[in-house]
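A short worksheet on the structure shown next.
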Number of protein chains: 2
Amino acid sequence: MRTRPYEEHVTGGARIEYKVFVPSKKSAPAPGTDRLVDKIREGLFVTYLRNPMVGIDEVARHAGVSTATVSRALSGNGHVSPSTRLKVEASADELGYVVSSTASSLASGRMKNIGVVVPFLNRWFFSSVVEGAQKALLRGGYDLTLYSLTGGEAERRSVFEHFLLRQRVDAVIAISLELTEDEVARLHALQKPLVGIGGPIEGVRTLTVDDVAIARLATEHLLALGHTRIAHIGGNKDLDLDFHLPTNRRVGYEQALAEAGVVPDPALFQAADFTMGGGYQAAKQLLGSPYDRPTAIVAASDEMAIGSILAARDLGLVVPRDVSVIGVDDYDLAEFFGLTTIAQFPQGQGEKAVEILLDRLRPGQNRLSSLNTPMPFELVVRSTTARPGE
Amino acid sequence: MRTRPYEEHVTGGARIEYKVFVPSKKSAPAPGTDRLVDKIREGLFVTYLRNPMVGIDEVARHAGVSTATVSRALSGNGHVSPSTRLKVEASADELGYVVSSTASSLASGRMKNIGVVVPFLNRWFFSSVVEGAQKALLRGGYDLTLYSLTGGEAERRSVFEHFLLRQRVDAVIAISLELTEDEVARLHALQKPLVGIGGPIEGVRTLTVDDVAIARLATEHLLALGHTRIAHIGGNKDLDLDFHLPTNRRVGYEQALAEAGVVPDPALFQAADFTMGGGYQAAKQLLGSPYDRPTAIVAASDEMAIGSILAARDLGLVVPRDVSVIGVDDYDLAEFFGLTTIAQFPQGQGEKAVEILLDRLRPGQNRLSSLNTPMPFELVVRSTTARPGE
DNA sequence: ATGAAAGCGCTAACAG
DNA sequence: CTGTTAGCGCTTTCAT
């Protein structure tokens, strides 16, 4: 960018002369004159319209110090006397100086930016994690660059072979991604911290919920209420995106039964796809039998649980009188349906991941801690579970 | 970054010597040896583990040309003979060269990154728009930096006063944000293209759906089926985040009625908060009256429409026999509930916004086109609407 | 079509 | 605690 003319990037076609922002007190604003352009004419924006073009040297000159001091004062790296710091901050403020992140990054090697990779964005769990991460990053002054792998294999490759390698990010968070060895290798080659959420990845620091324990807790809740014919709606194996989540939840369910001395009945298991529609179908199947039907259902996700509730209603069964239902997630609609569930805290997971990363990024803090950090979960009892009818 | 030691950033605590990646064919891999570390030892990764540290000059030397030529060949800016281009590309590939985005940005002024600002991420509409934008950006080689304003006023200010000004983005997409004049001014001061999705912002190029027309279409569908007692569940005024969306949809509803010679009955309007729970309450209210109850409901969102369906069921009414329901959005669960709705295409909106922006960013293409681009919508007839009972 | 060289705007040794 | 200065790794003019 040598001689890029100042006018080239004017937005929206409305050219505004930022340089003429001097309050013109003489002409009192006509009443009702509150359109943007008028306000600008009135100079009302003069205090906060900053010119992104002022550089560190102008600030230095204005404050009567060297650029190095300005850098130190504004970034907090290195020692500056309180008085100089104040001077510099005042100058920067007055001139509307904002550091150029590219220049800063090139010189320092820090990007103040982290990459977040998700399989989809359009699902409650993922968008919640991202939201949590975003919030935590903002607090730390970091940007979040999002990579959603929705577009299939080609897109995925492009992200891992290109985008993540551009030296754009200080670290990477991979959410619910079963990374291939190839991808892990690339990420390691980046020499940047990496944390996964959702399932152990070999050689990667990961946040996981204990899916076995979750399912066990859900089942135990039902057992404690007196149920013994407890069905389970879980996942089919080919739901690859979440590790062994379906399997683990099934194991937890069976463990709880076993501990209570109940023999799991294979007829009481149904596989579904973690959606409401899937849960609906599965539940219809389960609840169809009028004699030997289960008195309770443990669904591996809230969406499937809600589907089950709707299926029960359509069969003329009353929840929880005729059948109790418990889910996992505590998602958006769980409360509306009064669903008893095991809450996970995806926002918290996002925040935690960021916390770990920023900690790692802080110089000197090279603690490696454990490779696997367990995340909390919690039984939330609402109104879809009760003691079984006599 | 002067003397940052190479080892400082090793990930996950597992130090791997990338330099020893020479295939050691002699020792045949022991059967079953497919752990990552072993594969690395076997040199299997040698072809695609790229060293992010190789610079443009190494490539230049390797290809026997100047760095300028490498830059031109790889970026596509400026002319390079086909043969040299090939040579350069081969060298880059072989050495695993990836341009440093910071250096490139600093020199060129282009960031290859655009900022996307959303009020929430955790809602179907927003995450869908973002997903669409992401996909389109990836195709164009751009990164997406996400700013979710979930955290309230302070966070919002921080984004507009700080993050967006760091010269990080080439352009900004603001989704469903009623920007203050202050914020618009700041964004304009950035001198970067800006497009809004969801509602006209003064002086900003915007993509909007015609909410009046949408509601009219929905209402006309019901009218055409023979309904005349048509209720509307809309929004209360203080749903500020979406411009005059609630009002506009109500206007469209009333227009359609008027055109059909039906006088809108104020008793047939209910305000709700666009959620399922809100729609449920509102519909109970509407459908509670046994005599004069509406035969159809136009809900301003699918979630409220689904709430209405559930309310109808709970009142013992059958949809669509006793009451027809139509929504707006065509969101996730619409299909499961068989909901007739007016589809919007949020992904398409995201893609379109990106398209406009990238077009603007292309040198020479300073066409300003219209300030307001209408987005498509479409009636999707499913099974919650039918002719009214006799 | 290609090369030489001057920056882009900042940071961090190093010296004082 | 502060200033001087040498880069960070590219892009782009200008000259050839």
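Sequence lines set the chain letters: A, B, ... in the order given, protein chains first and strands last, and positions in each chain run from 1.
- Direction of the helix axis in the helix from dA1(C)-dT16(D) to dG16(C)-dC1(D) shifts by 20° between the two five-pair termini, rounded to 10°.
- Between Ile56(B) atom CD1 and dG3(C) atom C1' there is a gap of 13 Å when expressed in whole angstrom units.
- Residue Ala92(B) comes nearest to Leu74(B) through the heavy atom pair CB-CD2, 4.1 Å, listed as atom of the first residue, atom of the second, then distance.
- When the side-chain nitrogen and oxygen atoms of Arg110(B) are compared with OP1 and OP2 of dC8(C), none of them lie within a distance under 4.0 Å.
- One can place CG of Leu106(B) at 17 Å from P of dA6(C), the figure rounded to the nearest angstrom.
- Qualifying salt bridge (Lys or Arg N to Asp or Glu O under 4.0 Å) partners for Glu94(A), counting only residues two or more places apart in sequence or in other chains: none.
- Look at CZ on Arg168(A): it is 14 Å from P on dC10(D), rounded to the nearest Å.
- By the side chain to side chain donor-acceptor pair (under 3.5 Å) test, Ser105(A) is found to be paired with no residue, residues two or more places apart in sequence or in another chain being considered.
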Quick test: give all pairs of protein nitrogen or oxygen and nucleotides 2-4 of chain D nitrogen or oxygen below 3.5 Å, distance rounded to 0.1 Å.
| from | atom 1 | to | atom 2 | distance (Å) |
| --- | --- | --- | --- | --- |
| dT2(D) | OP1 | Ser81(A) | OG | 3.0 |
| dT2(D) | OP1 | Thr84(A) | OG1 | 2.5 |
| dT2(D) | OP2 | Ser81(A) | N | 2.6 |
| dT2(D) | OP2 | Thr84(A) | OG1 | 3.2 |
| dG3(D) | OP2 | Ser66(A) | N | 3.0 |
| dG3(D) | OP2 | Ser66(A) | OG | 3.2 |
| dG3(D) | OP2 | Thr69(A) | OG1 | 2.6 |
| dG3(D) | N7 | Arg72(A) | NH2 | 2.8 |
| dG3(D) | O6 | Arg72(A) | NH1 | 3.2 |

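- Listed by chain and residue number, nothing satisfies the side chain to side chain donor-acceptor pair (under 3.5 Å) test with Ser158(B) (two or more places apart in sequence, or in another chain).
- Distances from the side chain of Ser108(B) to the nucleotides dT11(D), dT11(C), dC10(C) place dT11(D) closest.
- In this view, Arg156(A) and Leu149(A), Glu153(A), Phe160(A), Leu177(A), Leu179(A), Glu183(A) satisfy the side-chain contact (heavy atoms from CB on, under 4.5 Å) rule, not counting sequence neighbours.
- We find that CG of Asn77(B) is positioned 10 Å from C1' of dT12(D), with the value rounded to whole Å.
- Taking 4.0 angstrom as the limit, Ser100(B) places none of its side-chain polar atoms (N or O) nearer than this to OP1 or OP2 of dG9(D).
- Among dT11(D), dT12(D), dT11(C), the nucleotide with an atom closest to any side-chain atom of Ser104(B) is dT11(D).
- Sorted by first and then second residue, the salt bridge (Lys or Arg N to Asp or Glu O under 4.0 Å) pairs involving residues 133-151 of chain A (not counting sequence neighbours) are Arg139(A)-Glu351(A), Asp143(A)-Arg166(B), Asp143(A)-Arg168(B).
- As rounded to whole Å, 13 Å separates atom C1' of dC10(C) from atom CE of Met111(A).
- Contacts of Ser71(A) classified as side chain to side chain donor-acceptor pair (under 3.5 Å), with partners at least two apart in sequence or in another chain: none.
- The minimum heavy-atom distance between Leu357(B) and Pro193(B), with the atom names listed, is CD1-CB, 3.9 Å.
- The side chain to side chain donor-acceptor pair (under 3.5 Å) test applied to Ser104(B) returns no partner, not counting sequence neighbours.
- Atom-to-atom, CD of Glu58(A) to P of dC8(C) comes out at 13 Å; the value is rounded to the nearest Å.
- Atoms CZ (Arg61(B)) and P (dG3(C)) sit 14 Å apart, rounded to a whole Å.
- Rounded to whole Å, the distance from CG on Leu74(B) to P on dG9(D) is 17 Å.
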